[in-house]
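Every value quoted in this text rests on a predicted model; they were computed, and no experiment measured them. As the structure lists them, so they are numbered: ligands from 1, and atoms in each ligand from 1.
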Amino acid sequence: MSLEDKFDELTVQEQPREFKEHSNTQIYEKFGHRIKTDELSLTKGKTNKDKANRATVENVLDPRTMRFLKALTSRGVISEFNGCLSTGKEANVYHALAGYDNSVDDDGSGVKNKSRKEYAVKIYKTSILVFKDRERYVDGEFRFRNSRSQHNPRKMIKIWAEKEFRNLKRIHQSGVIPAPQPVEVKSNVLVMEFLNRGDGFASPRLKDYPFKDREEVRHYYHVMVAYIRLLYQVCQLVHADLSEYNTIIHKGRLFMIDVSQSVQPEHPMSLDFLRMDIKNINSYFEKMGIEIFSERMIFQFVISETLERFEGDYSSVEDLTNYIAKNLLPKLTAADEAEDEVFRSLYLVRNLGGLEERDFERFTDGKFDLLKSLIAHDNQKVAANFTASEQFDFSSSSDEYESDEGSTDPDSNSGSSLEDDDGDESSEEWDDKPKNLKGKKYEDKESKRQRKQEAKDAKREKRKTKIKKHVKKKLVNKTKSKK
Ligand SMILES: Nc1ncnc2c1ncn2[C@@H]1O[C@H](COP(=O)(O)OP(=O)(O)OP(=O)(O)O)[C@@H](O)[C@H]1O
Ligand SMILES: [Mg+2]
């Protein structure tokens, strides 16, 4: 018997109508009492109080959150919710209308505006698991050194919302990079300006933006690269989750959103986050069919402190793209790609004391003589006014940041745990540190060389068994692209 014949025999008997109705009634009788049809009450339930208080609707609207929303409404910040813009893994974003107090015309005339202000209300999920992974962003943040409550997910979420609020405020106030204006933050609820397309809908994310032509794609790429640098240099932030999903094209300008995980440059992993951002952006724009710059070159461009400052008008696309054209050249050859490969695998450290074994071996194998050369060596593609190899020195920039904001804070243990205590490497490359020479000044050359070689070998042996599991895990995690 063929398969088709067998299949024909498998006809399922249609159930008589009465039977179906009968079973529906049975189900209703059995479970009907469990379906709540009464209005949602915000008062504490008499029974099962604990569970009910933590239960969530759409994972975000637990009774506490509802109370905050109610408070925002009664204070006149918000008048009504209009629906959900996005349900993500960390937060839901809702559209809301501003309260009547704020419905004053923008010209300050005091005349009530008929079209009321609109807000985007981001409500962080209070479910616990999602936030577990986020500790590494708050760890090592000087600004949050006293507020680490990472064992209490509720407090963690509050920090998270506040972090986004503060980062948004910093970016928005700088006037350098467009970002929605933050309005309020209360526990896990963040209210900000709604980026409106004009017809009631949200402006599109970069991912959904309908580019007119390739020229327009290139234009936004250049603006994006310029913004990464300005965000770092002027706002002192690394986005840390930059992608086509977290940028919005609004009124012809590129807005940065979703900055809860953004960190300051002195964060121990800021350079890793920066590299990841650059990789995400590059792969999106490459997919869109334009010539891109090498990741390493963008990285240098972003962090270089001696590079000529941007003197143009921040809102002028022309000035921004000229700035880029002056400082970066497209990535064209296979050799450029090979260099990016190396760059991606490099363990970036803030100082030489934080080197990992694999990098160390790359240097000692003679491939590169210093970490900074690994980033900057032979960079002929960078325009004449940007001699990158002279410009970036990890040890000096690290000192600067550490002394500035005290990233030696004991709380920032995630970063310091990445550091190895191989700081006093006796390798030739950085034995110019005076402490290595102390007391051995008059040693003859040959015995010095031998002593150093022995010390080096011993350390190498020691390191073989030394890479800690959590360090490895972090290294793997950080190279995974986010979306
Ligand atoms: N101010 C705003 N104006 C208009 N739309 C916004 C605004 N903020 C967020 N959105 C929309 O909501 C979406 C999610 O916002 P956001 O990226 O901040 O949340 P999220 O935490 O990243 O969510 P996910 O868990 O999906 O990553 C955005 O992609 C955007 O479409
Ligand atoms: Mg997002």
Numbering as shown, the atoms of ligand 1 that approach F194 to under 4.0 Å (heavy-atom distance): 3 (N), 4 (C)
Near-ring test H222/F293, centroid separation under 6.0 angstrom: yes
H95-F81 aromatic ring centre distance below 6.0 Å: no
Listed partners of F310 passing ring pair (Phe, Tyr, Trp, His ring centres under 6.0 Å), at least two apart: Y314, Y323
Per-atom contacts, ligand 1 versus Y245 - under 4.0 Å to a heavy atom: 29 (O)
Neighbour count >12 (heavy atoms, 6.0 Å) for atom CZ, R197: yes
Ligand 1 atoms in contact with P180 (distance to a heavy atom under 4.0 Å): 1 (N)
Numbered atoms of ligand 1 (with element) below 4.0 Å of R205, judged on heavy atoms: 29 (O), 31 (O)
Partners passing ring pair (Phe, Tyr, Trp, His ring centres under 6.0 Å) against F255 (at least two apart in sequence or in another chain): H250
Presence of N, O or S from E90 under 2.8 Å of the Mg ion (ligand 2): no
Contact atoms of ligand 1, heavy-atom distance to S86 under 4.0 Å: 12 (O), 13 (C), 14 (C)
D258, any N or O under 3.5 Å of ligand 1 N or O: yes
N, O or S atom within D258 nearest to the Mg ion (ligand 2), by name: OD2
Heteroatom N/O/S of N246 within less than 2.8 Å of the Mg ion (ligand 2): yes
Interfacing atoms of ligand 1 (cut-off 4.0 Å, heavy-atom, K122): 16 (P), 18 (O), 19 (O), 20 (P), 21 (O)
Contact summary for Y284 and K207, nearest pair of heavy atoms: OH-CA, 3.9 Å
Residues T65 and N188: side-chain donor-acceptor under 3.5 angstrom: yes
Minimal non-hydrogen separation, E308 against R229, with atom names: O-NH2, 4.2 Å
Per-atom contacts of ligand 1 with K89, taking only distances under 4.0 Å to non-hydrogen atoms: 24 (P), 25 (O), 26 (O), 27 (O)
Heavy-atom proximity to atom 6 (C) of ligand 1, best of D241, I248, L195: I248
Shortest reach to atom 21 (O) of ligand 1 by a heavy atom, considering only E90, M192, H250: E90
Centroid-centroid distance, Y209 to Y220, less than 6.0 Å: yes
Heteroatom proximity flag, N246 to ligand 1, N/O under 3.5 Å: yes
